[in-house]
Number of protein chains: 2
Amino acid sequence: MPLQEKDTYQEKDDSSRINPFVRVREDHANELSEDYLELIEDLIDRTGEARTVDIAAKLGVRQATVTKAIARLKREGLVTAAPYRSIFLTNEGKKIASRAREHHRTILEFLIALGVQQDVAEIDAEGIEHHLSPATLAAMQRFIQQQPAAA
Amino acid sequence: MPLQEKDTYQEKDDSSRINPFVRVREDHANELSEDYLELIEDLIDRTGEARTVDIAAKLGVRQATVTKAIARLKREGLVTAAPYRSIFLTNEGKKIASRAREHHRTILEFLIALGVQQDVAEIDAEGIEHHLSPATLAAMQRFIQQQPAAA
DNA sequence: GAGGATTTGTAGCCTAGGCAAACTTTGACG
DNA sequence: CGTCAAAGTTTGCCTAGGCTACAAATCCTC
Ligand SMILES: [Mn+2]
Ligand SMILES: [Mn+2]
Ligand SMILES: [Mn+2]
Ligand SMILES: [Mn+2]
């Protein structure tokens, strides 16, 4: 029995650790969920409820797109929603949302500490937040701490 | 005549500047091209030619996927390729490849200067390289310069 | 409490980017 | 040369995530 039949078999679990491109594709598969959940939590905190129309406006997509995405999140057990009613996070959804928000905040603070203008930092943070390993986030944290809030 | 008919019309040109999520979707539309072109240039430099089988191995996808992607790049005028022969970059393709490689290198150096371990930095760089504005890249450059190659 | 604007949902379409399976071409080598 | 394994392509399939157009429900407002 051969030790490697790599030609046709693709590792599923730790290929992400050895191939950066595979890792990026995996990141992207989680990206939408994270953005939706973070945004839903935000809307609930700030306006009392998360409505399809507001999510669509924030994300810059059509409402039909949001409806479809919500159906998927429901399937995955991350949100609950009754037809024509607003959207709520499950406990699992809340966990992901909080983690996403934290990452987002860390990265934003980091970029600003690095000297990037606020509005540019906001934009870049939204993209890179899904691609950073714990180690890199930790390094960013250290950097923020070292910078004593420059004037 | 109303000043805004925003309800049905979506800005195309500068919406990217005002909505981070739209900007991220645009980034992702360019991501594959950039990665392919950078990789093709790399293979040519290091092995003399860019072959489907090697591109597939590097990206962690099947050869059929690469063939399809190359067809798209050809359509876009970024590569040339005859059937069953290896792949070459057009001038336009070379420009994009070089810019991508430069960004990649800057980000990698930056992460390492920040204290991230080499292999983790390699992985994270591959994801975030497509999401950074010129301003942020410039800030990273400055940071690298300030750090006098820590031991 | 009826009407109508707003919001939500459904149906159908499209493209990008994956895959497997089968076929074709190439080229190394006996 | 002829063979045949390796490389490349084609075909057909799938899912995610966009969109429009239209239908249905909700909920202001009078
Ligand atoms: Mn994001
Ligand atoms: Mn990305
Ligand atoms: Mn990349
Ligand atoms: Mn790269």
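Proteins get letters first, then strands, A, B, ... in listed order; numbering begins at 1 in each.
A salt bridge links A/E49 to A/R51: at least one charged side-chain nitrogen sits closer than 4.0 Å to a carboxylate oxygen. A salt bridge links A/R101 with A/D45: at least one charged nitrogen is closer than 4.0 Å to a carboxylate oxygen. One finds no salt bridge joining B/K58 and B/D42 here, because no Lys/Arg side-chain nitrogen approaches an Asp/Glu carboxylate oxygen to under 4.0 Å.
Separating the NZ atom of A/K74 from the C1' atom of C/dT10 is a distance of 13 Å, rounded to the nearest angstrom. Straight-line distance from the CG atom of A/L73 to the P atom of D/dA16: 12 Å, rounded to whole Å. Atom CD of A/E49 is separated from atom C1' of C/dT6 by 14 Å (rounded to the nearest Å). Protein atom CD of B/Q63 is 13 Å distant from nucleotide atom C1' of D/dT10, rounded to whole Å. Between B/H28 atom NE2 and D/dA16 atom C1' there is a gap of 14 Å when expressed in whole angstrom units. Taking atom CZ of residue B/R25 and atom C1' of nucleotide D/dG18, one finds them 8 Å apart after rounding to whole Å. Atom CD of A/E76 and atom C1' of D/dA16 are 11 Å apart (whole Å). For the pair A/K68 NZ and C/dC14 C1', the computed distance is 10 Å after rounding to whole Å.
Between B/I128 and the options A/T136, A/L132, A/D124, A/D27, a side chain to side chain contact (heavy atoms under 4.5 Å, CB included) holds for only A/L132.
Side chain of B/R25 to backbone of A/G60: a donor-acceptor contact under 3.5 angstrom is found.
Using cut-offs of 30° and 60° on the angle between ring planes, the pair B/F143 and B/F110 is perpendicular.
The side chain to side chain donor-acceptor pair (under 3.5 Å) search around A/Q141 returns A/T106, not counting sequence neighbours.
Donor-acceptor pairing under 3.5 Å is recorded for the side chains of B/E129 and B/H104.
Note on A/R72: every side-chain N or O is 4.0 Å or more away from OP1 and OP2 of D/dA16. Considering only side-chain N and O atoms, B/R62 lies under 4.0 angstrom from the phosphate OP1 or OP2 of C/dA20. For D/dC19, the OP1/OP2 oxygens have a side-chain nitrogen or oxygen of A/T65 closer than 4.0 Å.
A ring-centre distance under 6.0 Å is not found for A/H130 and A/H28.
Side chain of B/A64, nearest nucleotide from C/dT8, D/dT10, D/dA16: D/dT10.
Using a 4.0 Å heavy-atom distance criterion, B/T52 is classed as a sugar-phosphate-only contact.
An end-to-end axis angle of 10° holds for the helix from C/dG1-D/dC30 to C/dG30-D/dC1, taken from five base pairs per end and rounded to 10°.
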What is the per-nucleotide protein-contact pattern of nucleotides 23-29 of chain C, from the 5' end, where B denotes a base atom under 4.0 Å from a protein heavy atom, S denotes such proximity for sugar-phosphate atoms only, and - denotes neither? -BSSS--

